[in-house]
Amino acid sequence: DLSATESERVQGETGLYLTTVEPTKTEFGFAPPTKNRSFMGRPIGWPGIECSAGLGTHAPTMFEYEVPEGASRFETWVGISSDANNCRRASAMVVFQDGHARKLYETKVMRAAMPPEKVSFELSHVSSLRIEITDGGDGKDCDHVNFCDPRFIVFQEARLPHVRKK
């Protein structure tokens with residue numbers, strides 16, 4: 001005999017990609033950001049790093065997002081797009097802030113042909129996230145910045161059905 005179906009709680013984390021949520025605010029000085037493509041329209045990635053989703057930008061650019069309920073941290077790879085490898089002036093820096101202008105993370109100044117930087121930081125008590133891409137101090141020429149797999153890591157709890165013997 002089998003009893004009625006019951007449920008079991010399971011917990012885990014999942015990634016909520018920025019490409020699937022709309023920013024609450026976007027500003028750009030040169031050109032609008034692109035989803036899943038570099039600023040020049042090519043796939044986002046670097047040698048040895050493949051991206052499921054991404055954002056292609058040109059400095060200066062700023063995004064603001066509401067942090068989803070249950071999000072514990074933010075993760076992404078960020079770097080100068082390989083589209084700009086032949087440009088000597090390509091450089092940029094990315095600053096991540098909460099809604100109160102508190103700095104959560106800041107990249108080093110990135111230059112063409114440098115490997116991307118892995119970004120990961122906690123989001124406890126953060127309700128909004130501001131991502132600001134600057135020109136790295138040398139003007140806006142060739143400042144193409146890619147975000148590879150930018151995502152909120154969200155803790156989820158679910159009920160899975162199971163059957164037990166009586």
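Hydrogens, waters and symmetry mates play no part in the numbers below; they use all other heavy atoms, side chains included.
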### Query
Could you walk me through whether Glu66 and Val21 pass the side-chain contact (heavy atoms from CB on, under 4.5 Å) check?
CA-CA 9 Å; Glu66 185 176 318; Val21 295; over 6 Å; no
### Task
Could you go through the side-chain hydrogen bond (donor to acceptor under 3.5 Å, both in side chains) check for Ser38 and Asn146 one step at a time?
CA-CA 6 Å; Ser38 73; Asn146 287 342; 5.1 Å; no
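Put simply, CZ on Arg130 and CG on Leu104 are 12.0 Å apart, with the number rounded to the nearest 0.5 Å. If you take CD on Glu106 and CD on Gln97, they are separated by 9.0 Å, rounding to the nearest 0.5 Å. One finds the NE2 atom of His58 at 9.5 Å from the CG atom of Asp135 (value rounded to the nearest 0.5 Å). Here the CD1-OG1 distance, from Ile44 to Thr34, works out to 6.0 Å after rounding to the nearest 0.5 Å.
When the side chains of ILVMFWY residues are joined at heavy-atom separations under 4.5 Å, either directly or via intervening members, Phe63 and Tyr17 end up in two distinct hydrophobic clusters. Using a 4.5 Å cut-off between side-chain heavy atoms of Ile, Leu, Val, Met, Phe, Trp and Tyr, with links allowed through other members, Leu18 and Tyr105 fall into the same hydrophobic cluster. Cluster membership for Phe96 and Phe28, using ILVMFWY side-chain heavy atoms within less than 4.5 angstrom, is not shared. Ile131 and Leu55 fall within the same hydrophobic cluster, defined by Ile, Leu, Val, Met, Phe, Trp and Tyr side-chain heavy atoms under 4.5 Å apart, directly or through other members. In the hydrophobic clustering of ILVMFWY residues, with side-chain heavy atoms under 4.5 Å counting as a link, Leu129 and Met93 come out apart.
Closest approach of Asp149 and Ser52 over heavy atoms only: OD1-N, 2.7 Å. Ile133 approaches Ala92 most closely through the heavy-atom pair CG2-CB, 4.5 Å. Asn36 and Ala53 make their closest contact through OD1-CA, 3.2 Å (heavy atoms, listed as atom of the first residue, atom of the second, distance). Nearest heavy-atom pair across Ala84 and Ala112 is O-CB, 3.4 Å. Listed here is the closest heavy atom pair of Gly15 and Ile153: CA-CD1, 4.3 Å. The shortest heavy-atom contact between Cys148 and Thr76 is O-OG1, 3.1 Å.
Annotation for Glu50: atom CD does not count as buried by contact number, only 12 or fewer foreign heavy atoms lying within 6.0 Å. Lys103 NZ: 12 or fewer foreign heavy atoms inside a 6.0 Å radius.
By the 4.0 Å N-to-carboxylate-O rule, Lys25 lies too far from Glu132 to be salt-bridged with it.
Proximity of Asp98 to His125: side-chain heavy atoms (C-beta onward) are nowhere separated by under 4.5 Å. Counting only heavy atoms from C-beta outward, the side chains of Thr57 and Phe147 approach each other to under 4.5 Å. Inter-residue side-chain proximity for Ile80 and Val145 is flagged as met; some heavy-atom pair is nearer than 4.5 Å. Residues Val94 and Met110 have side chains in contact (heavy-atom distance under 4.5 Å, counting atoms from C-beta outward). Contact check for Val67 versus Ser127: no side-chain heavy atoms found under the 4.5 Å cut-off. Taking the side chain as every heavy atom from C-beta outward, Arg37 and Pro43 approach each other to under 4.5 Å.
Using the six-membered ring where Trp is involved, Phe152 and Phe74 have ring planes that are perpendicular, over 60° apart on the 30 and 60° scheme.
With a 4.5 Å cut-off between side-chain heavy atoms of Ile, Leu, Val, Met, Phe, Trp and Tyr, the cluster of Trp46 takes in Ile49, Trp77.
The salt bridge (charged side-chain N to carboxylate O under 4.0 Å, His left out) search around Arg73 returns Glu13, Glu75, not counting sequence neighbours.
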